[in-house]
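It should be emphasised that the depicted structure is a prediction, and the values quoted were computed from it without experimental measurement. Proteins get letters first, then strands, A, B, ... in listed order; numbering begins at 1 in each.
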Amino acid sequence: METREIFWNIAHPGWMYVLTLLALLVFFSGLYGHLRFWREGRKLTGTRPPFLPRLRSFLSQAFFHPRVLKKRSSGLMHLFIFWGFLILFLGTLLISLQEDFLGPFFGLFFLHGPFYVIYSFLLDLFGFLALLGTGGILVRRYFPRESRILHWPDGLALWLFFAVLVTGFLTESMRIAATRAFPERFSPLGFILARLFYDINLQTLKESHALLWWGHLILALGMIALIPYTRLFHLLSVPWFMISDPREARGVPAPVFSEPLRLSPDRLTRFSRPHLISLDACTQCRRCEEVCPVAPDSDGFSPMRMMDELRKGLRFSRNDLGLVKDKGSVGRIWECLTCLSCEEQCPVSLPVTDQVAEVRRHRVMALSRFPSEIIPLFRNLEIFGDPFGMGRYAREDWIQGEGAKRKLRGGKGVLVWMGCQLAFHDRSRKVAGSFLKLLEGSNIDFTLLGKEETCCGDLARRLGNEYLSRKSVSQNIETFRKYGIQKIVTLCPHCFHALKDEYPPWGGEVLHYTQFLAKLMEGGVLSVPSLLDQKVAYHDSCYLGRYHQIYEEPRSILKRIVKDEPIEMVRNRAASLCCGGGGGGFWMRGNWGERINQKRIKEARDRGAQILCTSCPYCLVMLEEAIRNQEIKGLEAMDLIEVIDRLRS
Amino acid sequence: MEETKSVQIIVCCRVIRLLCEERGFDPVKGSVDPDFLVRMVNPTDEHALEMALLLRGRMKAEITVLAVAPPEDEEILRRSLAMGVDRACRIWDSGFETLRASATAYVLAAGIRRLRGDLILCGQRAMDTNEMELGGYLAEFLSLPQISGVTALEVAGERGPLICRRRAERMGWDLVKTPIPVVVTAERGENEPRYPTIFSILAWLEKEIPVLNRASLGIDEEILKDWNTMVKVLGWTRPKPKRIFTPPSDLAPEERIRLALTGGLGTKQANLLTGEAREIVPQLVDVLIKQKFFKGNGEKSNGRG
């Protein structure tokens, strides 16, 4: 009968229980520390998305790793380690179940016969996979300089993994070598390794086996004890976060004020519970840092480091944001462009951008400590209702032609929401003019708000001035109600995101113009007389793409107006590189934005594009600026609207 | 021993109304469309307030904001109060809509006497009327010395004397030492008015601001009228259209917008050329051509890459 003696060659297995108890004690005291830290978080109010879909998504992520596998090699290694240790853990649990519970109390021994064969084989196989994964990760973490581990205890945990697996296999193979038990050939790796020890005399073999067995036990227990003290803790905090994730949409920081203008005293100064859990759930895998447009050029900002600094700072200061130091990434938090690449890439989709918003809000609203170049911006928004400080009466200046002027607050049908950038910036005004021409040319009813529009609130919100943003939000909603607006088409993705997801429900539909025009073109209402004979590449704007997954609409428009197939940028769709203008980056003096747009424009040139097409006014200005700055010939940045307009006129 | 009384700092603030450019003005009716009015606290008044707040950090003082303002301006005023003042007081009565600087100062002086102010601060210049009269009138009515155009204040002892820094010609400074009480008019330059925190804003949203009127201050209507009509404005000319500033296109967009917003005022970019004279000269020529000091010989230079 195929089986084995469980405590073969072990003199005093009772000590094992003492050690286990000790390890569990250490483990639980660490866990208690985390729980206490989480409890310091502010309680969230409001509804949460339903529980079951979250659970389902967690389980599929846990067992099949679709997000982790976005990075093929390291994802695969993680998958191996996950499944390897899961099966090994379950296997050990089975032994414990038989030896400590079912065996002594009910006389039930199930680890024999065909079941044992399968059991033994599976454990060996998954142990091997885990060894493969751990080895791979060790090579990845310790050889190339850039993906090194941030804190040494995490490295220790990784080495511990490796040591546990190696000692496990050695113990097994020595047992096989000493007992020469043939059923053990169902443990292929152990069986092969055992041949190494066939020549060693039995006594030495037995002694070293016992030594290794205890070593393996201590290492394994040490691993368990270390879980709450290292990044290994992610195997508890990640599930916890994913199941308790309060977000309904990405990139929408939780509102600060309750209606009416009320602020609970700890709303700004303390992180919420899910946010604290998410800080603990970060494994410092560096994926966010790799895709962050700012991190390579910045002196210190990286999403991962920010999470780490916040975690350390908040834990040390008992969740008081005021005590988190203004150094490092937290100090450079103004460089974040809120492009959402980090959250897109994060295997757990941790709310990094929300945390940036929380910290900025605290710095602006509670401490009044922020880069001084934003003050005039805030003042302009306060006094004039736009970031340019032109005043709302100047919103109508650019509107040409009697037809469009008649649409001002008088038109029927869909509301064309301009947004500050299109209403004031010289370059973007051209785009807005083209759009109105398109609509008029295809006889579509629309209306404009003109001077009744104020900033949508996105800019103030991204820069942490929720109070200011809230004022314009309520003013705009009032205007919508006044004119009975049902449907809005925005020209700017930033306005689109704000109006669609961040405004309290006001009872209307919001579309971005790419969605609107794509529908018109599909229906044949809008068409171009001739196709464009140039190579066109499309630059995905963050707030359209990653925030709202609008990737196909602009491409479908392009396909209808361009002769050849449009070129795809190397980094396209969800992997698109930010232009450097989002999240207030457009308005700040730092030079990180500039280098990013130059990078992007070089990518377009290398793909051989003649026109770099986009659908965001910020992107347009930033990209055009880079073309001028780099003196690149034969490349033009254009808005999608302008391309259509050029073909029609 | 008696505890030293804290210095009463009074900052006179004014809510100004602006029409940007000429939009909203109906030349036929001679009226202004209220939609086009921009209301804000006079910027130099805010600088004065900031100075007072900085001073309070260095001596025992209480800050009161005093404003001649209609009830609808209270909302605008509160934003400045939230910068951290201790008290605020508003003076308003019928007929105060048309007060000129002299008469406003007369009313304010009555208020200041009532509040027993020691140090009176106000902005040097009103941004809307562009007059610089208020401080002078205040000093006259209160029989106090006046230091004008102050950009920074220091305090030497516990209750003064004050050391005022004024900007002089050719980037120089005047330092003026003066005992309290005194009237100081502030000019922008060395401080940036702080941005109020949300807690302060919300607190000031609910606080009631006491209102004084003509009767409670004991202002004689006839004298007020005399002061108000003492200066007559004979006429205005329309301002020249603003020079439209176009920033150089090779700057970063943020920089360009900032320059455009400030009308071209900003830090100048400096290029340091290093190397031997022989290497520098062609570079220098390139720079001068690029900056349009003189024309190159037809060909576009690419000396700096």
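- Annotation: B:E192, atom CD; neighbour count of heavy atoms from other residues, nucleotides and ligands within 6.0 Å is above 12.
- Interface residue B:R39: only backbone heavy atoms are found under 4.5 Å from chain A.
- Listed by chain and residue number, nothing satisfies the ring-ring contact (aromatic ring centres under 6.0 Å, His included) test with A:F301 (two or more places apart in sequence, or in another chain).
- For B:L205, the part lying near chain A is the side chain, with the backbone staying farther off; criterion is any non-hydrogen pair under 4.5 Å.
- By the 6.0 Å contact criterion, CD on B:E208 is open, its count of non-hydrogen atoms from other residues, nucleotides or ligands being 12 or less.
- Residue pairs meeting the salt bridge (Lys or Arg N to Asp or Glu O under 4.0 Å) criterion with at least one partner in residues 462-471 of chain A, sequence neighbours excluded, are A:E259-A:R470, A:R361-A:E466, A:D458-A:R462, A:R461-A:E466, A:R462-A:E502.
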Practice prompt. Let me see the working for A:I374 and B:Y195 under side chain to side chain contact (heavy atoms under 4.5 Å, CB included), right down to the final yes or no.
Written response: CA-CA 10 Å; A:I374 318 181; B:Y195 202 83; over 6 Å; no
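- Using a 4.5 Å cut-off between heavy atoms, A:E382 touches chain B through its side chain atoms alone.
- Within 6.0 Å of atom CD in B:E131, more than 12 heavy atoms from other residues, nucleotides or ligands are found, so the atom counts as buried in its surroundings.
- Ranked by heavy-atom pairs under 4.5 Å with chain B, the list A:E624, A:R392, A:R379 is led by A:R379.
- Remark: A:Y467 pairs with no residue by the ring-ring contact (aromatic ring centres under 6.0 Å, His included) rule, at least two apart or across chains.
- Only the side chain of A:F257 comes within less than 4.5 Å of a heavy atom of chain B; its backbone N, CA, C and O stay farther away.
- Of the inter-residue distances, the one linking B:L18 atom CG with A:I383 atom CD1 reads 8.5 Å to the nearest 0.5 angstrom.
- Only the side chain of A:N465 comes within less than 4.5 Å of a heavy atom in chain B; its backbone stays farther off.
- Here the closest heavy-atom approach between residue B:T197 and residue A:S368 is recorded as CG2-CB, 3.9 Å.
- Residue B:I198 holds its CD1 atom at 13.0 Å from CG of A:L367, rounded to the nearest 0.5 Å.
- Below 4.5 Å, heavy atoms of chain A meet heavy atoms from B:M40, B:E46, all part of residues 40-52 of chain B.
- Heavy-atom distances place the side chain of A:L268, and not its backbone, under 4.5 Å from chain B.
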